[in-house]
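The structure appears right after this line, and notes come after that.
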Protein chains: 2
Amino acid sequence: MRGEAIHLLSVKDENLKKEITLKDVAEAAGVSKMTASRALRGANDVSKVNVEKVKKAAKEIGYVGNHLAASLTKTNSNLIGVVLPNLTNIVFSHVMSGITGALDDTIFQPVFGVSDYDEEKEYEVIKNILSWRPAGLIVTGTNFPESTKLILRQAKIPLVQIMDTDGDIIDSVVGFSHEKAGYDMARALLETGRERIGFIGCIIENDFRAAKRKAGFIRALDEAGHNLVCDYNVDSVSTISVGRGLVDEALSAHPELDCIYFSNDDIAAGALFRCIEKQIAVPEDLALIGFNGMDISNCFPGKLGTSVTDRAGIGSAAAKILLRRCTGEMSIESEKIVLEPQIRLGNLLENSSSS
Amino acid sequence: MRGEAIHLLSVKDENLKKEITLKDVAEAAGVSKMTASRALRGANDVSKVNVEKVKKAAKEIGYVGNHLAASLTKTNSNLIGVVLPNLTNIVFSHVMSGITGALDDTIFQPVFGVSDYDEEKEYEVIKNILSWRPAGLIVTGTNFPESTKLILRQAKIPLVQIMDTDGDIIDSVVGFSHEKAGYDMARALLETGRERIGFIGCIIENDFRAAKRKAGFIRALDEAGHNLVCDYNVDSVSTISVGRGLVDEALSAHPELDCIYFSNDDIAAGALFRCIEKQIAVPEDLALIGFNGMDISNCFPGKLGTSVTDRAGIGSAAAKILLRRCTGEMSIESEKIVLEPQIRLGNLLENSSSS
DNA sequence: CTGAAAGCGCTAACAC
DNA sequence: GTGTTAGCGCTTTCAG
């Protein structure tokens, strides 16, 4: 019994002792902890001989630095917090991709949270991420409840809000006005002579940006003396099949439609697929307009209209702002970067009744 | 000069003093740091009165805990490392989504890294993430160079390899055999009577899984006494347009083709779009087979074949393994979870020459 | 149930 | 160039 207990103890001891620290590296290299520490980061004031010795020792004993401890000595860590509403929507994957791309080869690592378009959850996620004392934070959108804005401000770290420039801006922002994007597209469509325009969308609750595009779109129609011919909205995910179904419904209820504005490219593509089956000429008889300029918007080149957004560019620009503000002098001011979507109407331009 | 210096100092002091710590909470609540600490986590041995006092004080002074310091006292943090090859491919977004979903409402937060299918970079990313002393780690794939396997093993934390079950498994694994997936699909196609089968893929270097599917596919053809009629491979991203272009090329060079296997759904869909334009009957005259069962594989229901994979399920299962192993007794064993893809051939089944 | 002391692994600041 | 000292904010002992 006793022997076994001792054995267990020694095993446990071995596991605990396992953690290889800077001290071990220092001893193995025959220098002090400080010299080892300095040598392992970019050595400024360490002799070449010692740098070599330390790096060699570290590699040999398999030393893995402890960012936790290192960060504790500074006011914050080398983590960059990222809060996105969703990841199944590939738009945000592109954003995330832009962020990770910009953070490549830097000392920063993204810590990630998803809000699921839920304000409560978003608050909790942000709070949790702030507990890791990130050097900077990227959050999506400009519509936050007061409580969230409070902790964001109190964090006293560089903050970049992305995607949307319409609402409240706390610090820096990268994106564009979705209201304007919707407005501009409506103007462009009206210019091609289309007037009997409908809307079909998958705008889930709290997707403020899709709602803003729609609002801007309606505002432009209104200014031109038009209304939406029809207005369908479903709370769903499988957007291609939703587009297939709703375009059918819309066309039977409103055969006069000559254009439909969709909340995104997927649902517009779904509608196109259905129109191809029904042999409806797109865009000649019916223009279909999506949003984002994803790969799928080119499924049949020229057929779908869209606003091409630079998702990765937004993520990248946001991360770069943080890099500037976290590494450079703290004097760097807040920035506002607007990356306007590019309207692409394809064949619709060749078929405008005004030409 | 002197006055200014003092002023600057005092400003700096103010900023530094800014950090609100547990001590401040304790003082505000009139208890010791320890009582405050215990009260703020799930209090077991703290009087209800004190729990209330502490929580109230914390909220009032806007205290945000410091996970960095908390983690330093334990052997590792509440971070979960996640390393994926890529995020522009929506497959990995779905995986990530599954991971964050499973980590919701837990104390764990994902720390994220992208390898870009580059082994060097993957090694660096893993090493960097390990420096944050994560409680567990999720990595993609089963093909790692020796150096990477070494640090993975030395980390002594629960590890889950995802997506692929074919290669070297270090600890736990969630995914399926891509070799078998390719093999099974070829068998299924041969059973429908298709025999003049080609391959078109976007398999970038180090995308071991796509390569394994292709290898398994070829093995099944070989066993049945067949060869690939044609074999196109490009290193590109815009897969829809690649599919459009390559199917044209393949058909003019090999008009006898009755089936094409693609490396994924996007490129298969691109090919389908082109075939629709050319009025080629799919799948009657030409079967097109993708992989993953993404939304786009249903663009024209029944037309495309595919293997439906559960990406989110893989991410979720991997995260749950880590949760079990990080929170439960450490005695929990390694796990292997296989989530086989489901073959979906759509209209091809109704058109098989064997029926 | 509560508190005091010690220390997690590292680095800034100051000696030498 | 290099080493020593102190301490980041928290939690784990262990003593009340």
Side-chain angles (χ1 to χ4, degrees), chain A residues 12-13 15-54 57-58 61-79 107 130-135, chain B residues 9 12-13 15-54 58 61-79 107 130-135:
Chain A
K12 199 186 167 197
D13 264 14
N15 278 332
L16 290 178
K17 217 192 303 176
K18 201 65 230 161
E19 174 95 298
I20 298 167
T21 77
L22 193 61
K23 196 179 154 206
D24 300 312
V25 179
E27 280 171 6
V31 296
S32 74
K33 268 168 59 180
M34 267 322 294
T35 302
S37 171
R38 285 193 268 247
L40 253 22
R41 304 173 272 162
N44 292 324
D45 314 315
V46 185
S47 68
K48 281 198 169 176
V49 199
N50 276 342
V51 173
E52 290 301 314
K53 273 201 291 189
V54 170
I61 65 178
Y63 172 71
V64 177
N66 187 334
H67 285 343
L68 254 27
S71 302
L72 193 56
T73 66
K74 316 206 192 81
T75 44
N76 45 35
S77 70
N78 291 331
L79 294 168
I107 49 171
L130 287 177
S131 299
W132 292 105
R133 297 289 184 273
Chain B
L9 187 67
K12 199 184 165 197
D13 263 16
N15 278 332
L16 288 179
K17 217 192 299 174
K18 201 62 230 160
E19 174 95 301
I20 298 167
T21 76
L22 192 60
K23 196 180 152 204
D24 301 311
V25 179
E27 281 170 7
V31 296
S32 74
K33 269 168 58 182
M34 266 325 295
T35 303
S37 170
R38 285 192 267 248
L40 253 20
R41 303 172 273 163
N44 292 325
D45 314 316
V46 185
S47 68
K48 279 199 171 177
V49 199
N50 275 342
V51 173
E52 290 302 314
K53 275 201 290 188
V54 170
I61 66 177
Y63 173 70
V64 178
N66 188 332
H67 285 344
L68 255 26
S71 303
L72 192 56
T73 65
K74 317 205 194 82
T75 45
N76 47 34
S77 69
N78 293 330
L79 294 168
I107 50 171
L130 288 177
S131 299
W132 292 105
R133 297 291 185 272

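In what follows, chains carry the letters A, B, and so on, assigned in the order in which the sequence lines appear, proteins first and then strands, with residues in each chain numbered from 1.
- The shortest side-chain heavy-atom distance between B:Leu40 and B:Leu22 falls under the 4.5 Å cut-off.
- Contact between the side-chain N/O atoms of B:Thr35 and the OP1/OP2 oxygens of C:dT2 is not found at any separation under 4.0 Å.
- Listed nucleotides D:dT2, C:dA12, D:dT11 differ in distance to B:Ala70; the shortest reach to its side chain belongs to D:dT11.
- Note that CG of B:Asp45 and OG1 of B:Thr35 are 10.5 Å apart. Values are rounded to the nearest 0.5 Å.
- Taken from CD1 in B:Ile107 to CZ in B:Arg41, the straight-line distance is 11.5 Å, to the nearest 0.5 Å.
- Neither OP1 nor OP2 of D:dT12 sits under 4.0 Å from any side-chain N or O of B:Thr73.
- Closest to the B:Thr21 side chain, of the nucleotides C:dA5, C:dG9, D:dC10, is D:dC10.
- When distances run from any side-chain atom of A:Ser47 to the nucleotides D:dG3, C:dT2, D:dT2, the shortest one goes to D:dT2.
- Rounded to whole Å, atom P of D:dA15 lies 16 Å from atom CE of B:Met34.
- Between A:Lys48 atom NZ and D:dG1 atom P there is a gap of 11 Å when expressed in whole angstrom units.
- Of the residues near DNA chain C, A:Leu68 and B:Val31, the one whose nearest nucleotide (by heavy atom distance) lies more toward the 5' end is B:Val31.
- Considering only heavy atoms from C-beta on, B:Trp132 stays 4.5 Å or farther from B:Ser71 through its side chain.
- For B:Lys74, the listed nucleotide lying nearest its side chain is D:dT12; candidates were D:dC10, C:dA12, D:dT12.
- At C:dG9, none of the side-chain N or O atoms of A:Tyr63 fall inside 4.0 Å of OP1 or OP2 (strictly under the cut-off).
- Set against D:dT4, C:dC10, D:dC10, the side chain of A:Ala69 has C:dC10 as its closest nucleotide.
- Listed nucleotides: D:dT12, C:dT11, D:dC10. Nearest to the side chain of B:Lys33: D:dC10.
- At whole-Å resolution of the value, CZ in B:Arg133 and C1' in C:dG9 are 9 Å apart.
- Phosphate proximity of C:dC1 to B:Asn50: absent, as no side-chain N or O sits under 4.0 Å from OP1 or OP2.
- Taking the side chain as every heavy atom from C-beta outward, B:Arg133 and A:Val64 approach each other to under 4.5 Å.
- Residue A:His67 contributes atom NE2, which lies 10 Å from atom P of C:dT11 at whole-angstrom precision.
- Going from atom CG of B:Asn66 over to atom P of C:dC8 covers 18 Å, rounded to whole Å.
- The CG atom of A:Asp45 sits 13 Å away from the P atom of D:dG3 (whole-angstrom rounding).
- Between B:Arg41 atom CZ and D:dC10 atom P the separation is 11 Å, expressed in whole Å.
- Residue A:Arg38 places its side chain closer to C:dA13 than to any other of C:dA12, D:dT11, C:dA13.
- Looking at A:Glu52, A:Lys53, A:Arg38 one by one, the single match for side-chain contact (heavy atoms from CB on, under 4.5 Å) with A:Val46 turns out to be A:Arg38.
- Residue A:Ser37 places at least one side-chain N or O under 4.0 Å from the OP1 or OP2 atom of C:dT11.
- In this structure, NZ of B:Lys23 is placed 16 Å from P of D:dT11, rounded to the nearest angstrom.
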